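The structure's right below; bear with me while I get my questions together.
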Amino acid sequence: MPGVGRVAVSSPVVIRLEHVTKLYKTSTRPALDGVSVTIDRGEFVFLIGPSGSGKSTFLRLLLREDVPTKGDIYVSDLNVAKLPRRRVPRLRQRIGCVFQDFRLLTNKTVGGNVAFALEVIGKSQSTVRKVVPEVLDLVGLAGKADRMPHELSGGEQQRVAIARAFVNRPLVLLADEPTGNLDPDTSQDIMLLLERINRTGTTVLMATHDHSIVDSMRRRVVELDMGQVVRDESRGVYGVGR
Amino acid sequence: MRTDFVAREVFTGLRRNVTMTIAMVLTTAISLGLVGTGLLAVRTIDRTEQLYSDRVEVQVALTSDVSAADTDCAQAVCTALRSKLEALPQVESVRYENQQQAYERYLQLFKGQALADLVRPQSLPSTLRVRLNDQETGAQAVRQATTGQVGVRNVIDQREVVARLFDFLGGVRDVTFGLAVVQAIAALLLISNTVQVSAFTRRTEVGVMRLVGATRWYTQLPFLIEAVVTGVVGALIAVGGLVVGKFLFIDQLLSGIVSNGVVPPVEVADIIWVSPILVMIGAAIASVTGYATLRLYVRL
Ligand SMILES: Nc1ncnc2c1ncn2[C@@H]1O[C@H](COP(=O)(O)OP(=O)(O)O)[C@@H](O)[C@H]1O
Ligand SMILES: [Mg+2]
């Protein structure tokens, strides 16, 4: 396992799950079943598996949207499941997050959406004015700051969402099927953008069941099935009909 | 804390639910207006009590022959009564008022009214006006010491008259406080409901806030401030209502007894005294209700 045996001065491990089990109250089968995964700083990891295999649950637990039934979760030095409620914002400020459905605020401009993420964590007006154009530039939306979300294509909307997730320079970017609503070409563009973000040193963890994307990227693949890790290989492919 | 951001959120929130906001403000205003009326009644009662505790006397009216004959309580019947009263431990002082003095006071009291012309000095009794240092037992002691004595016509205890006035004012107070409580419950439910609706309409925003790591200050404060703003605006409207009510109704209603000095008037200063209390009650009810609603009903 990567990271094991190294002295943790500046530990390279950013995400660690130890025997994590999540059983939702309303179901009999656990959504996650004894999952142990370690992810290092700067890695790009695909979390794959069929629908219902537990990918979203995995991400939700990292964000402390929910707590595991058993096991421990660490994000950098934070013990996620045991974090007191008032510390949860600190965790979430280290994690950027994008979803299949973008979750943009429809009544705010592109720039306003990105700025919102900084304003609500108390960043100053001058920081906002400096950083927002930079990140819009990075995601390829320079000059579109004053557009409304409905004036943009799906791919551009997802770029806004990525800009919003990345603007506070998180340690980790979580993406839950970010290309699920996009056509293949646009998906490819989004993947290039995520790669670019990964090259800045940000760890990217992306849940997907898009074969072609996983196969073309040849990155680490963690595969879930029925809540269990059935494969964890670096430079993997989706592996049809395993 | 970005105050400009929070202020903007509060403003949009209030504007988005404008009908609800108005309903909330008006209900709060009526409730607090009633509380204010109740407080003014309490204050008037206190003032009136003070006014009377200085003034209230037990009057021993003398028979007409003694009244007519004695102008300065120099004759045997009067001096005997007087020293008997002065010997009572509950009595502070005894003052003699002769027919002429009674007449002058009477003229003063009913100045400009037809009644003033009907009275002659001879038809009024002289009185021994007894001031008590013990209001509880004093009147009874005076009554016992004088009833049936030679020269005594009757004993008048002013407190009995005043007690009826206090009963009335106390009733006003109780009814307004009762109504205020009912209205306050309505205001409370409205505030709670508005916070819930407000949180629902803003669930996407709040969802994003939580996701990017906004603290509870940012996610919840706008809702609380919204509630407090409506509470405070409601209180200010209530104060305005009290001022208007004073000039339109209370002054008219009480004009007779106020000018006779029976009841002290309700001054604008009294309303100014009440207003910070109303604002604080408004803000407190709104913030407590808002906070409880957020904790109990809204998953933020
Ligand atoms: N909030 C929930 N309550 C109950 N069951 C849930 C909830 N969320 C997910 N599940 C169940 O947990 C399992 C894993 O779901 P999920 O993590 O969403 O999988 P995926 O994202 O891989 O499709 C599924 O069987 C799903 O029905
Ligand atoms: Mg999912």
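Sequence lines set the chain letters: A, B, ... in the order given, protein chains first and strands last, and positions in each chain run from 1. Keep in mind the model is a prediction, meaning the values are calculated, not measured.
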ask   = Is the closest side-chain heavy-atom distance between A/Ile121 and B/Met209 below 4.5 Å?
value = no

note = Between A/Lys108 and B/Glu9, the two heavy atoms sitting closest are NZ-OE2, 4.3 Å

ask   = Do A/Gln125 and B/Asp4 have side chains that get closer than 4.5 Å, going by heavy atoms?
value = yes

inquiry  = Going by ring pair (Phe, Tyr, Trp, His ring centres under 6.0 Å), name the residues that satisfy it together with A/Phe102, two or more places apart in sequence or in a different chain.
reply    = none

query = Got more than 12 heavy atoms from elsewhere within 6.0 Å of NZ, B/Lys246?
reply = yes

remark   = Interface check, chain B: of A/Ser124, A/Gly96, A/Ala165, most non-hydrogen pairs under 4.5 Å belong to A/Ser124

message = Holding to ring pair (Phe, Tyr, Trp, His ring centres under 6.0 Å), I want the full list of residues that pass it with A/Phe46, two or more places apart in sequence or in another chain.
response = A/Phe44

inquiry  = For B/Phe168, is the CZ atom crowded, meaning more than 12 foreign heavy atoms sit under 6.0 Å from it?
reply    = no

key: Close side-chain approach of B/Leu211 and A/Phe99, heavy atoms under 4.5 Å   = yes

message = Working note: B/Glu205 + A/Val120, criterion side-chain contact (heavy atoms from CB on, under 4.5 Å); need CA distance, chi angles, decisive distance, verdict.
response = CA-CA 10 Å; B/Glu205 257 119 320; A/Val120 300; over 6 Å; no

message = Need one label for A/Thr106: side chain, backbone, both or neither, based on atoms under 4.5 Å from any heavy atom in chain B.
response = neither

key: Salt-bridge criterion met for A/Glu119 and B/Arg8 (N-O under 4.0 Å)   = yes

inquiry  = Under 4.5 Å from any heavy atom of chain B, what part of A/Asn107 do you find: side chain, backbone, both or neither?
reply    = side chain

ask   = Rounded to the nearest 0.5 Å, how far apart are OG1 of B/Thr215 and CD of A/Gln93?
value = 8.0 Å

remark   = Given B/Ala214, B/Gly207, B/Gly213, the one with more heavy-atom pairs under 4.5 angstrom with chain A than any other is B/Gly213

key: All side chain to side chain donor-acceptor pair (under 3.5 Å) counterparts of A/Glu18, not counting sequence neighbours   = A/Arg16

request  = Using a heavy-atom cutoff of under 4.5 Å, enumerate the residues of residues 54-73 of chain A that contact chain B, numbered in order, or state 'none'.
outcome  = A/Leu63, A/Glu65

Contact check, side chains of B/Arg216 and A/Arg86, non-hydrogen atoms, under 4.5 Å = no

